[in-house]
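To start, the structure itself, in structure tokens.
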Amino acid sequence: MAQVPRELIEGSARKDIRDLGEGLAFASMQIWDGRELTWSAAQSWSDEIMAMLLLLDLWLQNEDRSLSELGGNPNLLVTQVPPLPDWNEEGALWAGQSRREILWAYDFNLAFDTKFNRQQFFQAHVFGCMLKGWPDGFRERMEPRMQRAVNELPEIFAELPHEWLYLDGDETLAVHLDQEHVYSTLSLPFTNAEAFWTLP
């Protein structure tokens with residue numbers, strides 16, 4: 001759980017900041033020194049990175065990552081990787097790579113949207129129009145990982161903390177979690193493979 005301070009709400013120039021609300025909020029991790037991805041910076045990511053993020057959002061049916069030259073809401077942060085020697089465990093991951101930046105995706109609250117529109121998704125997604133095809137071997141590399149995740153769904157659902165299943169601390173407002181819908185959505189790459197993997 002994260003604490004949203006009142007000062008953040010009162011000091012923000014955003015008109016919709018009050019929708020966030022002060023107090024406790026769900027969080028997965030804290031990202032220091034992240035900056036929002038801009039349209040010009042979005043053009044320079046590798047096809048592999050663009051494909052991985054596009055695939056993730058397509059798989060989760062998450063339409064909430066829009067960005068174009070006119071603006072948008074990418075829900076992506078970029079952080080710099082500090083210079084680390086190659087013998088360092090983390091530094092070794094970046095050996096020989098000229099780009100030392102990490103792209104962080106957040107805000108998945110619209111995932112598994114029952115009103116998901118595939119055409120709108122590709123038109124609005126930050127990387128939706130940049131890829132004309134999946135990188136060589138990409139599908140073959142991703143399918144086994146995706147199948148493992150689908151196979152682990154029952155275990156993942158069973159591990160959800162009890163308090164996550166409610167919108168309020170009194171546990172009177174239950175979260176609507178349609179496990180069958182989640183399972184059928186994540187199974188699409190295998191049950192309707194041709195349609196799923198076809199790019200516009």
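What you see is a predicted model; the values in this text were computed from it and never measured. Computed from heavy atoms alone, side chains included, the values below leave out hydrogens, waters and symmetry copies.
- For W32, there are no ring pair (Phe, Tyr, Trp, His ring centres under 6.0 Å) partners two or more places apart in sequence or in a different chain.
- Here the closest non-hydrogen pair linking M146 and P189 is CE-CG, 3.5 Å.
- Sorted by first then second residue, the salt bridge (charged side-chain N to carboxylate O under 4.0 Å, His left out) pairs that include residues 103-120, not counting sequence neighbours, number zero.
- Partners of I49 according to the side-chain contact (heavy atoms from CB on, under 4.5 Å) rule, which considers only residues two or more places apart in sequence or in another chain, are W45, S46, L103.
- Considering every non-hydrogen atom in both P200 and F122, the closest pair reads CG-CG, 3.5 Å.
- Among all heavy-atom pairs drawn from F121 and E63, the shortest one is N-OE1, 4.0 Å.
- In this structure T198 satisfies the side-chain hydrogen bond (donor to acceptor under 3.5 Å, both in side chains) test with no other residue, sequence neighbours excluded.
- The side-chain hydrogen bond (donor to acceptor under 3.5 Å, both in side chains) analysis of residues 145-155, with sequence neighbours excluded, yields the pairs Q147-N151.
- Applying the ring pair (Phe, Tyr, Trp, His ring centres under 6.0 Å) test to pairs two or more places apart or on separate chains, those with a residue in residues 131-156 are W134-F138, W134-W197.
- Distance alone, capped at 3.5 Å, places no donor-acceptor pair between the S12 side chain and the I9 backbone.
- Both M142 and F127 are members of a single hydrophobic cluster when ILVMFWY side chains are connected at heavy-atom separations under 4.5 Å.
- Heavy-atom neighbours of M50 CE from other residues, nucleotides or ligands within 6.0 Å: above the threshold of 12.
- No more than 12 heavy atoms of other residues, nucleotides or ligands shown are found within 6.0 angstrom of CZ on R18.
- Looking at residues two or more places apart in sequence or on another chain, you find a side-chain contact (heavy atoms from CB on, under 4.5 Å) between D16 and R14, D19.
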Would you tabulate the side-chain donor-acceptor contacts of residues 67-78 under 3.5 Å, counting partners in other chains and residues two or more places apart, or write 'none'?
unit_1, atom_1, unit_2, atom_2, d
S68, OG, L70, N, 3.1
N73, ND2, D64, OD1, 3.3
N75, ND2, D64, O, 2.8
N75, ND2, D64, OD2, 3.4

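- Distance check: L153 CG to Y183 OH gives 8.0 Å after rounding to the nearest 0.5 Å.
- Taking the side-chain hydrogen bond (donor to acceptor under 3.5 Å, both in side chains) definition, one finds that Q120 meets it with nothing, sequence neighbours left out.
- The two residues K132 and C129 have their closest heavy-atom pair at NZ-O, 3.1 Å.
- The number of heavy atoms from other shown groups lying within 6.0 Å of CD (Q3) is above 12.
- For the residue pair A51 and L131, the shortest heavy atom distance occurs at CA-CD1, 3.4 Å.
- Contact record, V4 with G21: CG1-O, 3.4 Å, taken as the closest heavy-atom pair.
- T79 has its side chain out of reach of E101: every pair of non-hydrogen atoms, C-beta onward, lies at least 4.5 Å apart.
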Can you give me every donor-acceptor pair (side chain of residues 53-61, partner residue at least two apart or in another chain, under 3.5 Å) with its distance?
unit_1, atom_1, unit_2, atom_2, d
D57, OD1, N62, ND2, 2.9
D57, OD1, R65, NE, 3.4
D57, OD1, R65, NH2, 3.2
D57, OD2, R65, NE, 2.5
D57, OD2, H125, NE2, 2.8
W59, NE1, L186, O, 2.8

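- Among residues two or more places apart in sequence or in another chain, the side-chain contact (heavy atoms from CB on, under 4.5 Å) test is passed with P5 by E7, L8.
- Residues passing the side-chain contact (heavy atoms from CB on, under 4.5 Å) test with L160, sequence neighbours excluded: F157, W164, L165, L177.
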